[in-house]
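These notes are about the structure you will find just below.
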Amino acid sequence: MALKDYSDEFKADAVALYESTPGATYKSIAADLGINRATLREWVLRDRERRGVTAAGAKSAAAHRAATPLAKTSSA
């Protein structure tokens with residue numbers, strides 16, 4: 001089986017999709033993207049390590065962002 005070389009942009013987009021999707025699993029996101037579940041997990045863990053984020057904090061922060069509406073700006 002040949003190894004695939006994914007662009008940095010694809011990896012970043014995959015990680016962002018996983019992190020921003022409430023209730024997402026590695027399996028579900030990987031299947032949607034046509035990649036291996038373990039590959040996506042590795043990318044997510046590397047990104048979290050790079051940012052200094054713990055696994056529990058990352059998903060809860062993403063869930064909080066998804067549940068919090070954006071602040072409206074007024075043109076006073």
Side-chain angles (χ1 to χ4, degrees):
M1 180 180 234
L3 293 176
K4 295 183 181 178
D5 189 26
Y6 298 98
S7 70
D8 290 340
E9 182 179 8
F10 180 84
K11 292 175 187 179
D13 288 346
V15 169
L17 178 62
Y18 173 78
E19 294 285 4
S20 67
T21 305
T25 62
Y26 291 123
K27 184 177 179 179
S28 66
I29 298 297
D32 288 346
L33 298 174
I35 61 174
N36 185 286
R37 178 200 61 80
T39 300
L40 175 60
R41 181 178 180 273
E42 183 65 27
W43 295 345
V44 170
L45 294 177
R46 284 183 189 174
D47 183 68
R48 288 178 180 170
E49 183 178 311
R50 180 186 59 79
R51 293 182 291 129
V53 177
T54 63
K59 283 304 272 188
S60 64
H64 177 72
R65 284 191 305 272
T68 305
L70 297 175
K72 294 181 181 178
T73 57
S74 62
S75 51

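Keep in mind that what you see is a predicted model, and the values were worked out from it rather than measured. All residue numbers refer to positions in the sequence shown, counting from 1.
Here the straight-line distance linking atom NZ of Lys11 with atom CG of Asp8 works out to 5.5 Å at 0.5 Å rounding. Atom CG of residue Leu33 and atom OG of residue Ser28 lie 9.5 Å apart, to the nearest 0.5 angstrom.
Between Tyr6 and Trp43, the distance separating the two ring centers is shorter than 6.0 angstrom.
The heavy-atom pair separating Arg37 from Lys27 by the smallest distance is CG-N, 3.8 Å.
When each of Leu40, Asp32, Ile29 is paired with Leu17, the side-chain contact (heavy atoms from CB on, under 4.5 Å) condition holds for Ile29 and for no other.
Thr21 contributes no side-chain N or O that, together with a main-chain N or O of Ala24, makes up a donor-acceptor pair within less than 3.5 Å.
A salt bridge links Glu19 with Arg51: the distance from a Lys NZ or Arg NE/NH1/NH2 to an Asp or Glu carboxylate oxygen falls below 4.0 Å.
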